[in-house]
Amino acid sequence: MNDVTPSNRMLRIALAATLAGTLSLGALGASSLQSANAEERDGTASAAQGSSSDGGSASSTERHAENATPKDEVVYATLDGSGAVNSIYVVNVLNPEKPGAVTDYGDYSSVTNLTDTAQIEQEGDAVTVDVGAGESFRYQGDLASKNLPWDVAVTYKLDGKAIDASELGGKSGLLEMEIATKRNDAVDATFFDNYLLQISLVFASDKSSNVAAPDGQIALSGSNTQVTFTGMPGKDGTFSVSADVTDFEMDGASFAAVPFSMVIDSPDKDGLLSGFVQLSDGVGQLSDGASQLASGAQSLSSGADEMASGIAGIADGTAGIASGADGLASGASSLAEGLEAYQGALNGQAQQAQGSVIDSSAQQQAYQTALQTYVAAFAMAYHASDPDADQGAAMAAAQQATAAQAADLQQAFQTLVTVEAANAAYGAVAQTLTAAASGLGSAGDGNSLVGGIEALASGASSLASGANELAGGATSAASGANSLSSGAGDLASGAGELADGTGSLYTEIQAMPDTVSEEIDKMIAEYSKSDFKPISFTSSKNTDVTLVQFVMATEPIVAPEKIEPEPEQEQGSFWDRLLALFGIGS
C-alpha cells in the first residue's frame with residue numbers, strides 16, 4: 001500500500017473525480033486528492049509563476065470589479081484522519097466568449113497554470129491571464145482559507161476503545177468508524193442547503209471482513225467492499241460502519257458533493273382528502289346526535305321530577321330518551337364507518353406510496369459497471385499515450401479517448417441519485433400515512449378513537465333498549481322516579497360535554513384536509529431543487545458560474561513497515577575460528 005506507481009496514481013485521480021461527478025479531466029491532470037503527482041506539478045508551477053513575474057498583458061486599471069466570464073470550479077480538499085482540513089485548492093475552468101485578458105477572483109496563496117506556459121498575473125484577489133477565443137483555460141488556485149461548507153468529524157474505535165487514525169495502521173480487531181457532517185457557519189449556506197453529499201469508503205478484502213453499515217449502501221468493487229453514504233441537502237448527518245480488520249490499511253474516505261437537482265411530482269391527494277370529508281361528515285352526525293342526546297337528557301331530568309305524580313309523564317319522557325339514544329347510536333355508527341373508511345384510505349395511500357419505491361439495485365450495478373469501465377479505459381488510454389509527451393498532453397489524450405465512457409458514467413450516477421432520492425421521498429410519505437392510520441386505533445381498543453366511538457354506539461343502543469323497557473314498565477318505574485331524576489341530571493351534563501367535544505372535533509377535522517395538503521407540499525418542496533443556480537465558491541465577484549463541485553478525501557491509513565531481523569552468521573568449527581584469529585582463511 002506504500003508503493004504508489006504512476007498507474008495507481010492516475011487511477012486514484014480518475015476515481016476521485018468520478019465520485020464527485022465531474023468529467024473535467026483536463027482539470028484533473030493538475031493534481032490528485034492525495035497530491036500523488038505533486039512532483040510532476042512542481043516544474044509546471046515554477047515555470048508558470050516565473051513567467052507571471054514579468055507582468056501580465058492586462059494592467060491593474062483594466063481589471064473589472066467582477067468576472068462575467070463563464071466558468072466551472074472543482075474544489076479539492078485534503079483532510080487529516082479526523083476530518084480536519086489540511087489544504088484546499090480549486091481547479092478553475094474559464095470559458096471566455098472572445099479572446100483577450102480575463103480576470104478571475106479568489107483569495108489564493110498561489111496560482112498555477114494547468115493549460116499552457118502563458119503568464120498569469122496575480123494581484124490581491126485578482127488573477128489575470130490572456131485567453132484565445134473559444135478556448136478553455138484551466139488554472140489551479142491554492143486557497144488561503146481552510147473553510148469548507150461542511151465540518152467533518154471522523155472518529156474510530158477498536159474493540160470498543162477510541163483510537164486515533166494515526167495509530168490504526170497495522171492493527172487488528174473490531175473497527176467501528178463514525179463520520180459526522182454538519183454545516184460550517186463560516187461558509188455561505190447555499191452549498192450546504194443545495195448539495196448532495198456522497199461519502200465512500202473502500203475496505204480491502206484481505207484486510208477486512210463482516211463489513212456492516214446500517215445507513216449505507218454496501219457493494220462489491222472488484223475484490224473489495226465499498227460502502228457509500230448519502231447526505232441530503234440542508235441536513236446534518238451521522239454515518240457509521242463496522243468491520244473485522246486484520247493488519248488494517250485503508251485508502252482515505254472520499255467525499256463528493258454535487259448540486260442536488262430533481263423535480264418531485266406531487267402525489268394524487270384527492271383520494272386521501274376524500275377520507276377526511278367522510279370523517280368530517282361522520283363527526284357532524286355525531287355532533288348532531290350528541291346535541292340531541294343532551295337535549296333529551298335535559299328533558300328527562302325535568303320530566304323525572306314530575307314522574308312521581310304521573311306514570312304517563314314517565315312513559316313520554318322515556319320514549320324521548322329512546323329516540324335520542326337511537327339518534328346517538330346511528331350517529332356513532334356512521335362516525336365509526338367514516339373513521340374505518342378514512343383509516344382504509346390512509347393505508348391504501350401508504351401502500352401506493354410504498355409501491356412506488358423503485359428497486360435501485362439495477363441502477364447501483366449500472367453505476368458500478370460504468371465506474372469500472374471508465375477507470376479501466378482511462379488508465380489504458382493514459383498509458384497508451386506518447387511516453388515522451390508531457391503530463392497535460394497525456395491527460396488530454398486520455399480525456400478524449402474516454403469521453404464516451406465518461407458520459408455513460410455521468411448518466412449512471414445521475415440516474416442512481418434520482419432513484420435513491422425518489423425512494424426516500426416515497427418512503428417518508430408512506431411512513432407518515434401509516435402512522436396516521438395506526439393512530440386511529442381499532443374497534444377492539446376501547447382507549448382509541450375508533451374503539452371509543454364503537455363503544456359509544458353500543459352504549460347508545462343499550463340506552464335505547466333500556467328506555468323502551470322503561471316505557472313498557474312505567475308502573476314499576478314510578479317508585480324509582482327520584483333516582484331517575486338524579487341520573488338524568490348527570491346524563492344531561494355528560495351529554496352536554498359530549499356535544500361540546502364533538503363540536504370542537506368537527507371544527508378541527510374540517511381544517512385537516514388543508515393541513516395535510518400543506519404538509520405534503522412542504523415535504524416535496526424541501527427536496528425539490530430544480531431552480532438552483534450555482535454561485536462561485538472562490539469569490540462573489542465571479543458572476544457567471546455554471547458548475548461548482550467538491551472532492552474531499554482523508555489521509556489513508558497505512559501500516560508501518562515491518563523490519564526483518566538480519567540472519568545470524570554461522571559460528572563455524574573451532575579450527576575455523578582459530579585460523580581466523582591469526583588471519584588465516586580455511
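Heavy-atom basis, side chains included; hydrogens, waters and symmetry copies ignored.
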Evaluate Ile535 against Val548 for side-chain contact (heavy atoms from CB on, under 4.5 Å), listing each step before the verdict. CA-CA 7 Å; Ile535 64 172; Val548 178; over 6 Å; no
N/O donor-acceptor pair under 3.5 Å between Thr554 side chain and Ala253 backbone: yes
Say whether Thr128 and Thr103, considering side chains only, have a donor N or O and an acceptor N or O under 3.5 Å apart. yes
So, taking the atom named CG in Leu196 and the one named CE in Met232, what distance separates them when rounded to the nearest 0.5 Å? 6.0 Å
What distance separates Asp125 CG from Asp107 CG, expressed to the nearest 0.5 Å? 7.0 Å
Just by distance, with hydrogens left out, do Glu420 and Gln363 show a side-chain donor and acceptor under 3.5 Å apart? no
Decide side-chain contact (heavy atoms from CB on, under 4.5 Å) for Val202 and Asp251; before the verdict, give the C-alpha distance in whole Å, the side-chain angles of both, and the deciding distance to 0.1 Å. CA-CA 7 Å; Val202 178; Asp251 288 336; 5.6 Å; no
Tell me yes or no: between the side chains of Asp142 and Gln140, is some donor less than 3.5 Å from an acceptor? yes
Looking at every heavy atom in both Thr190 and Phe532, which two are closest together, and how far apart are they? CG2-CE1, 3.5 Å
Within the 3.5 Å criterion, strictly below it, is a donor on Glu73 or Thr538 matched to an acceptor on the partner's side chain? yes
Give a yes or no answer on whether the side chain of Asp408 reaches the backbone of Ala370 with a donor-acceptor pair at less than 3.5 Å. no
Judged by atom type as modelled, is there a donor-acceptor pair below 3.5 Å linking the side chain of Ser240 to the main-chain atoms of Glu178? no
Any donor-acceptor pair under 3.5 Å from Asp130 side chain to Ala101 backbone: yes
Say whether, by atom type as modelled, one donor and one acceptor occur between the side chain of Asn224 and the main chain of Ser205 under 3.5 angstrom. yes
Point-to-point distance, once rounded to the nearest 0.5 Å, from NZ of Lys146 to CG of Leu79: 11.0 Å
Kindly indicate, with the supporting measurements, whether the criterion side-chain contact (heavy atoms from CB on, under 4.5 Å) is fulfilled by Met177 and Val154. CA-CA 7 Å; Met177 185 175 176; Val154 187; 3.7 Å; yes
So do Leu201 and Phe229 actually touch side chain to side chain, heavy atoms under 4.5 Å? yes
How about Ser87 and Thr78: do any of their side-chain heavy atoms sit closer than 4.5 Å? yes
Check the pair Trp150, Phe550 against ring pair (Phe, Tyr, Trp, His ring centres under 6.0 Å), reporting the backbone distance first and the verdict last. CA-CA 11 Å; Trp150 301 268; Phe550 295 83; 5.4 Å; yes
Determine yes or no for a side-chain-to-main-chain donor-acceptor pair under 3.5 angstrom, with Thr546 supplying the side chain and Lys71 the backbone. yes
State the OG1-CD distance between Thr373 and Gln368, to the nearest 0.5 angstrom. 11.0 Å
Where do Ile120 and Val129 come nearest, in terms of heavy atoms and distance? CG1-CG2, 4.2 Å
Can you check whether Val245 reaches Lys171 side chain to side chain, under 4.5 Å on heavy atoms? no
When you compare the side chain of Leu114 with that of Thr112, does any pair of heavy atoms fall below 4.5 Å? yes
Smallest separation among heavy atoms of Ser536 and Phe191, with atom names: O-CZ, 3.8 Å
N/O donor-acceptor pair under 3.5 Å between Glu249 side chain and Ala559 backbone: yes
Mind telling me whether Tyr367 and Phe413 have parallel, tilted or perpendicular rings, with 30° and 60° as the class edges? tilted
Tell me if a side-chain donor or acceptor on Asp159 pairs with a main-chain N or O of Leu174 at a distance below 3.5 Å. yes
Between Gln122 and Tyr108, is there a donor-acceptor pair closer than 3.5 Å when you use the side chain of the first and the backbone of the second? yes
Rounded to the nearest 0.5 Å, the CZ atom of Phe203 sits from the CG atom of Asn210 at a distance of 12.0 Å
Quick check: do Pro149 and Phe537 have side-chain heavy atoms less than 4.5 Å from each other? yes
With the side chain counted from C-beta on, respond yes when Tyr195 and Pro259 share a heavy-atom pair under 4.5 Å apart, and no when they do not. yes
Distance (rounded to the nearest 0.5 Å) between Asn67 CG and Asp104 CG: 5.0 Å
Do Tyr76 and Val91 have side chains that approach each other closer than 4.5 Å (heavy atoms only, starting at C-beta)? yes
Minimal heavy-atom distance between Ala77 and Leu148, with the atoms involved, is CB-CD1, 3.7 Å
Can you say whether the rings of Tyr374 and Phe378 are parallel (under 30°), tilted (30 to 60°) or perpendicular (over 60°)? tilted
Is there a side-chain contact (heavy atoms from CB on, under 4.5 Å) between Phe248 and Ile557 once you walk through the steps? CA-CA 8 Å; Phe248 185 57; Ile557 296 174; 3.8 Å; yes
Arg183 and Asp185 ion-paired at < 4.0 Å: yes
Student check: side-chain heavy atoms of Leu168 and Tyr156 closer than 4.5 Å: yes
Please find the pair of heavy atoms, one from Asn86 and one from Glu555, that lie closest to each other, and give the distance. ND2-OE2, 3.1 Å
Looking at every non-hydrogen atom in both residues, tell me the closest pair between Thr115 and Ser136 and how far apart they are. CG2-O, 4.0 Å
Assess whether atom CD of Gln431 is packed by more than 12 heavy atoms of other residues, nucleotides or ligands within 6.0 Å. no
Taking atom types as modelled, is there a side-chain donor on Asp80 or Ser82 under 3.5 Å from an acceptor on the other? yes
